[in-house]
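All remarks here apply to the structure that follows.
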There are 2 protein chains.
Amino acid sequence: MNAPVLSNIKCGECPIRHRAVCSRCEGAELDILEKIKVYRSFKAGEQILWRGESMDFVASVVSGVATLGKTLEDGRTQMVGLLLPSDFIGRPGRDRVEFDVIAASDVTLCCFDRKPFENLLLVTPHLSERLVEIALDELDAARDWMLLLGRKTAREKIATFIDMLIRRSSLEGSTAQNDALTLPLSREEIANYLGLTLETVSRQLSALKSQGILQFKDRRSFEVLNPKALHDISGDDAPR
Amino acid sequence: MNAPVLSNIKCGECPIRHRAVCSRCEGAELDILEKIKVYRSFKAGEQILWRGESMDFVASVVSGVATLGKTLEDGRTQMVGLLLPSDFIGRPGRDRVEFDVIAASDVTLCCFDRKPFENLLLVTPHLSERLVEIALDELDAARDWMLLLGRKTAREKIATFIDMLIRRSSLEGSTAQNDALTLPLSREEIANYLGLTLETVSRQLSALKSQGILQFKDRRSFEVLNPKALHDISGDDAPR
DNA sequence: CGATACCTTGACCACTTTCAACGTCCGTGG
DNA sequence: CCACGGACGTTGAAAGTGGTCAAGGTATCG
């Protein structure tokens with residue numbers, strides 16, 4: 001891993017401060033984190049971690065999007081997670097990653113060297129509680145995704161995916177951008193996330209477009225003209 | 001939940017002692033657990049927990065098999081986990097289950113009332129460490145299953161499933177029963193676990209039988225005549 | 001012994017994939 | 001500045017895997 005080291009910004013001004021692993025830390029705890037953190041950035045397409053590799057750091061995503069992927073010997077790949085800003089890479093007590101981590105866009109990470117971070121964990125309940133919470137959220141998300149992968153149709157998968165983008169984006173930028181969105185992934189990456197082929201993804205997006213549910217500005221950015229219809233298609237029950 | 005309360009057995013003689021949530025506890029810690037535990041049992045097919053329900057207990061599976069399932073409005077269901085002996089139900093800091101828990105066979109649980117258990121967690125690092133470990137193992141398993149659901153063929157799914165049964169059974173009964181196994185689930189349940197229909201499951205099992213890889217004694221019990229071939233079909237790399 | 005739940009097998013069908021061609025955007029270099 | 005090349009995306013046609021529907025088989029339990 002040879003990413004450039006950027007100038008850090010102060011934790012107090014960090015855009016992901018309220019949701020990241022450090023969200024419960026204040027004062028002295030934050031000062032320690034401040035001291036052991038290093039920003040690193042990766043270009044779109046760069047591999048951040050290799051499957052089976054031993055991690056020398058843990059990190060929060062500050063900006064950009066990264067993917068967690070598993071690959072079969074013959075090249076079929078399945079994404080098993082999507083890392084958006086504030087998401088965390090690394091697990092207490094596990095030094096190997098069980099999947100590839102790849103930057104889907106330019107990515108900036110807030111990295112902590114693993115050893116100091118783990119030592120800090122032992123004496124900082126705020127941190128370890130939050131980490132457990134994050135892991136359990138991921139477990140819930142993984143199980144929802146299992147339902148999608150195992151039982152949903154292509155149409156439902158795409159609708160669910162976009163519905164998720166709406167939900168996540170309404171969480172972060174609380175700017176009232178009701179419906180203008182950007183696909184964080186290429187068609188092929190979306191396909192690997194949803195267990196489809198890129199052609200099927202393309203066709204289903206076209207279908208949603210021709211049904212007047214989505215309107216594309218360009219390949220990546222679009223508006224949701226009919227969020228209700230989209231959600232109905234997704235097959236999920238009413239939003240929580 | 002109205003399961004009969006069985007006479008407890010002593011923790012020291014518990015068959016799942018070495019792998020369950022209590023595996024790191026000794027002496028005084030074990031004495032406390034001993035005091036707050038209650039055995040409950042469920043008949044095959046009984047629902048142990050309903051999705052969205054608030055849990056009043058957490059538990060370890062002592063014997064039998066239970067399933068974790070999610071269901072779409074129209075009835076399609078996907079299993080998101082399989083609970084075998086020593087597996088744990090319940091999460092620190094979450095009082096609702098996000099899926100249905102159903103007894104696939106007669107099941108005996110070692111139950112702890114949630115409040116006392118959570119209090120104990122706070123002062124028993126052995127217990128909470130083990131719980132985090134268990135949650136992370138489940139996360140890994142969920143991600144492996146995502147690869148299966150999203151990218152594997154019916155044939156590969158069935159082979160992976162049986163391969164998993166071999167691995168799990170070699171863990172527990174270290175009796176040298178190289179190859180005699182029992183399907184813990186009905187065809188329909190297997191289908192819901194693998195994201196298939198029961199007919200496809202049946203056909204694929206028949207195929208493995210006619211290829212001389214499996215040999216059935218009856219509907220549920222069989223021998224693996226060619227574990228190597230089975231594993232090759234599964235699409236996974238060499239066993240860890 | 002019959003009822004019922006579970007399983008198997010066949011025939012057909014549909015959805016998604018596969019294969020292929022073409023289109024669009026964008027950066028690079030002539 | 002435009003032309004070329006490559007990455008990315010769209011669309012069509014054909015093929016194939018797994019699903020659906022249906023009939024019949026087998027085991028188990030009263």
Side-chain angles (χ1 to χ4, degrees), chain A residues 43-46 72 74-78 102-106 148-161 182-211 214-222 233 235, chain B residues 43-46 72 74-78 102-106 148-161 182-211 214-222 233 235:
Chain A
K43 288 262 152 244
E46 244 186 285
L72 258 19
D74 63 1
R76 283 173 288 174
T77 87
Q78 175 64 52
I102 299 179
S105 64
D106 291 353
L148 174 143
L149 292 172
R151 290 305 185 198
K152 287 188 179 180
T153 64
R155 190 174 160 74
E156 291 168 331
K157 286 176 175 180
I158 294 284
T160 305
F161 176 62
T182 300
L183 294 175
L185 304 174
S186 71
R187 301 296 186 268
E188 182 174 21
E189 289 166 327
I190 296 171
N192 287 337
Y193 196 30
L194 299 176
L196 297 170
T197 59
L198 67 95
E199 293 95 330
T200 300
V201 170
S202 180
R203 277 188 254 270
Q204 294 297 336
L205 286 175
S206 298
L208 290 175
K209 187 172 62 182
S210 71
Q211 284 161 56
L214 302 182
Q215 185 167 63
F216 279 82
K217 270 193 58 189
D218 61 41
R219 287 179 188 176
R220 289 291 186 107
S221 50
F222 63 99
I233 294 170
Chain B
K43 288 262 154 243
E46 242 187 286
L72 258 17
D74 63 0
R76 284 174 288 174
T77 88
Q78 175 64 51
I102 299 178
S105 66
D106 291 354
L148 174 143
L149 292 172
R151 291 303 187 199
K152 287 189 178 178
T153 64
R155 190 174 160 74
E156 291 169 331
K157 287 177 175 181
I158 294 284
T160 305
F161 175 64
T182 300
L183 294 175
L185 303 174
S186 71
R187 301 296 186 266
E188 182 174 20
E189 290 167 326
I190 296 172
N192 288 337
Y193 196 29
L194 300 177
L196 297 170
T197 59
L198 68 95
E199 292 95 332
T200 300
V201 170
S202 180
R203 275 188 255 269
Q204 294 297 336
L205 286 175
S206 298
L208 289 176
K209 188 172 61 182
S210 71
Q211 285 162 56
L214 303 182
Q215 185 167 64
F216 279 81
K217 270 191 59 190
D218 62 40
R219 286 178 188 175
R220 289 291 186 107
S221 50
F222 63 99
I233 294 171

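Bear in mind that the values here come from a model prediction, so they are computed numbers and not experimental data. Proteins come first, then strands; the chains are lettered A, B, ... in the order of their sequence lines, and each starts at number 1.
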Below 4.0 angstrom from OP1 or OP2 of [N], is there any side-chain N or O of [X]?
| X | N | result |
| --- | --- | --- |
| Ser206(A) | dT11(D) | yes |
| Ser202(A) | dT11(D) | no |
| Thr197(B) | dG18(D) | no |
| Thr153(B) | dT17(D) | no |

Distance in angstrom units between [X] [atom1] and [N] [atom2], rounded:
| X | N | atom1 | atom2 | answer |
| --- | --- | --- | --- | --- |
| Glu199(A) | dA20(C) | CD | P | 12 Å |
| Arg151(A) | dT20(D) | CZ | P | 9 Å |
| Leu205(A) | dG9(D) | CG | C1' | 10 Å |
| Arg203(A) | dT16(C) | CZ | P | 11 Å |
| Asp74(B) | dT20(D) | CG | C1' | 15 Å |
| Leu208(B) | dT8(C) | CG | P | 12 Å |
| Leu149(A) | dG18(D) | CG | P | 16 Å |
| Leu198(A) | dA7(D) | CG | P | 14 Å |

Heavy-atom closest pair, residues Lys157(B) and Lys152(B): CE-O, 3.4 Å

If you look at every heavy atom in Arg220(B) and Ser186(B), which pair is closest and at what distance? NH2-N, 3.4 Å

With a 4.5 Å limit on heavy-atom distance, are the side chains of [X] and [Y] in contact?
| X | Y | result |
| --- | --- | --- |
| Phe161(B) | Leu185(B) | yes |
| Phe216(B) | Leu183(B) | yes |
| Leu194(A) | Thr200(A) | no |

Side chain of Gln204(A) only, heavy atoms from C-beta on: which candidate in dT8(C), dT17(C), dT16(C) is closest? dT16(C)

Which nucleotide in the list dG25(D), dT20(D), dT10(D) gets nearest to the side chain of Arg219(B)? dG25(D)

Using a strict heavy-atom distance below 4.0 Å, which residues from residues 182-196 of chain A are in contact with DNA chain D? Ser186(A), Arg187(A)

Find which nucleotide of DNA chain C each of Thr200(A) and Lys209(B) is nearest to by heavy atoms, and output the residue with the more 5' nucleotide. Lys209(B)

How about Glu188(A): does its CD atom have over 12 heavy atoms from other parts shown lying under 6.0 Å from it? no

Using modelled atom types and a 3.5 Å cut-off, is there a donor and acceptor pairing between side-chain atoms of Asp106(B) and backbone atoms of Ala44(B)? yes

